[in-house]
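A short write-up of the structure that comes next.
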Amino acid sequence: MSEYLFLVPLLPFFGFLVNGLLLGRLPKSVISAVACGTVGISFILSILLFFELKGLPPGARVIEQVLFTWIPSGDMLHTNVGYLLDPLSAVMILVVSGVGFLIHVYSVGYMGHDASYGRFFTYMNLFTFSMLTLVLADNFLFMFVGWEGVGLCSYLLIGFWHERKSASDAGKKAFIVNRIGDFGFLIGIFLIFWNVGSLDFRVVMERAPEVFVFGGGLITATCILLFVGAIGKSAQIPLYVWLPDAMEGPTPVSALIHAATMVTAGVYMIARTNLLYMMAPDALLVVAVIGALTAIYAATIGLAQNDIKRVLAYSTVSQLGYMFLACGVASFTAGIFHLMTHAFFKALLFLGAGSVIHAMANEQDMRRMGGLRKYMPATFWTFLFATLAISGIPGFSGFFSKDEILWKSFSSGHGHWLFWVIGFVTAGLTAFYMFRLLYLTFYGKERMEESTRSHLHESPRSMTVPLVVLAVLSLIGGWVGIPHILGGTNYFEGWMEPVVSGGHAAASQALASGGGDAGMEVTLMVVSVALVLAAIFGAYTFYNKRPELATAWRSRLSGVHHLLVNKYFVDEIYGTILVRPVVYFSLFLWKVFDVVFIDGFINGVASVYSDISETVRTAQTGRVRTYATVFLLGVVVILAYFIWI
């Protein structure tokens, strides 16, 4: 099967070409079949390739396929269009194509009445192709093609309903903010090529220990610049502001791009270049600090949001912070493990929210919902599974990946007890705001208008079947990583080991973990679960049993609540300090420098010659006698001149 590796990304691209070139000419049934079928076949191929890779010895689990030479430039640059399948990229293509296929199927029902149905699936297929290219590329430059491709598709899909100014602005905001991060990422790639002489992943990892000094300034700067790209793509402080606004796009877009795939590209990139980061402890510390701060910061904002999709958006930012915290304490496996489980339950949460919005006639304010569980039982139960998973209830997928991150942040040689405290508090906040969302949406008094209530209904099977599949994955998806302390084998850790533990002796030395015993791990696990249960009970008390308490505390802490509802006024601060000065400077360049100086000079020169021409042209009367008189006068003048001299 390895010779068909190129088909994994190529099939969605084929779907993009068919639906794109025949846009407006195909019936919806054909559009759906092409869009969903190509991604579905890509998923089947990913499964077959996974088992082929699994059949190889652990140390030899690498499949490379070079299609052709892309850029040959003497002896300096030789870049291929090639694919690399190893345990890390195998996990990623299963997540991207598998979850992506379910979201495509869901979209058939969700977008069924949209006038731009074909354009939507064209963009979705192009995004899937770009993301699969990103995670399968065997070199930095080809990965950057996929990296920019998902950025373009994010812009197209966030601003899909471009006739709405809010959606158009959100798409532009996402595109511009990501360009800031991508600039740093590109400089990091330049530094790697300048020092290593290659952009091929395997060559870079082999030569890096010989070229870079462990802990040196050059490797640290390179890793931090790469991380700047991850900050933008994966919505971390300070470049996270685009993702909450990205909820202006259709809900399946939020599930695919901003929960399960694109926003995890930064985490994947750091895991892919883990050896470089192991050689730069200071850069690892930066990753851990940014991840920890983002996790708790976004979680606090999620406590007070009332838009159902915005709560999930800030939850995504927070969970991505968890993943970066794991990578920052050198537990790359835990970061990828949480990336995988998060794809299951967060995609389910977004799709469940989409099901609610679909039934509520596009209403997204949770204050106008309530009591929906009796109208939408399938949506409710699947949403409950996802909420239990993200909260970290034992047995669900999120528990195993979250607990692994908390333990590694405490016990790893790169960890610190403060990281554990931040992760611990974030876990409690996550459980609280997620069950707040659950109770406000599905429990309590029905707060919607009568006209909306009369049309409440469960979503069609094309939407509920993907919800059920994702609910099952939200339950069992983490069982492949049950830790040894709970009697498991932790297959996921063993699967990822060839990717994250190989390399030069310098990296191997840095991989050494710190202390920590089984008793401590169990204790921290129990304490974490206790906090989560307490948070769930708190949410039940405030938003189901005695909602008047929530109103009272909101009034008592009105200042804090106002700060959280307005997201710490970061957008306003950015607007005042960064956006407006750039706008004003641009206006100055336009109205003063361009219009007055450049246009003024050019138009002035043109005006002078126009006036001269206007004057001279009066000599052209068309009368022969006039021309003869002028000719005679000219002859007289010339003769007089020669006589005079």
Are the charged groups of [X] and [Y] less than 4.0 angstrom apart, N to O?
X      : Y      : result
Arg179 : Glu148 : yes
Arg207 : Asp200 : no
Arg310 : Asp245 : yes

Rounded distance (nearest 0.5 Å) linking atom [atom1] of [X] with atom [atom2] of [Y]:
X      : Y      : atom1 : atom2 : answer
Ile476 : Phe344 : CD1   : CZ    : 8.5 Å
Lys346 : Leu312 : NZ    : CG    : 6.5 Å
Lys233 : Leu239 : NZ    : CG    : 11.5 Å
Tyr83  : Ile93  : OH    : CD1   : 11.5 Å

- Please check if atom CZ in Phe51 has more than 12 non-hydrogen atoms from other residues, nucleotides or ligands closer than 6.0 Å.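 Open.
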
- Tyr155, OH: over 12 other non-hydrogen atoms inside 6.0 angstrom: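 Atom OH in Tyr155 is not crowded, with 12 or fewer foreign heavy atoms closer than 6.0 Å.
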
- Query: Between Phe43 and Phe101, is the ring centre distance below 6.0 Å?
  - Reply: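 Ring centroids of Phe43 and Phe101 are no less than 6.0 Å from each other.
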
- Message: Under 6.0 Å between ring centres: does that hold for Phe16 and Phe13?
- Response: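 They qualify: ring centres under 6.0 Å apart.
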
Describe, in one word, how the ring planes of [X] and [Y] are oriented to each other, choosing from parallel (under 30°), tilted (30 to 60°) and perpendicular (over 60°).
X      : Y      : value
Phe324 : Phe227 : perpendicular
His416 : Phe419 : perpendicular
Phe201 : Phe140 : perpendicular
Phe50  : Trp495 : tilted

Side chains of [Y] and [X]: any donor to acceptor distance under 3.5 Å?
X      : Y      : value
Ser528 : Lys402 : yes
His338 : Glu404 : no
Tyr297 : Tyr240 : yes
Asn125 : Thr128 : no

- Task: Kindly indicate whether the side chain of Tyr4, heavy atoms from C-beta on, has any atom under 4.5 Å from the side chain of Gln65.
- Result: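 Heavy-atom side-chain distance check fails, nothing below 4.5 Å.
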
Check: [Y] main-chain N/O paired with [X] side-chain donor or acceptor under 3.5 Å:
X      : Y      : answer
Tyr277 : Cys223 : yes
Lys309 : Met247 : yes
Tyr268 : Leu339 : no

- Gln236 and Met323: CA distance, side-chain angles, deciding distance, side chain to side chain contact (heavy atoms under 4.5 Å, CB included) verdict: CA-CA 11 Å; Gln236 298 293 283; Met323 299 174 206; over 6 Å; no

- Before giving the answer on side chain to side chain contact (heavy atoms under 4.5 Å, CB included), spell out for Leu157 and Leu256 the whole-Å C-alpha distance, their side-chain angles and the decisive distance to 0.1 Å. CA-CA 10 Å; Leu157 286 165; Leu256 179 64; 5.6 Å; no

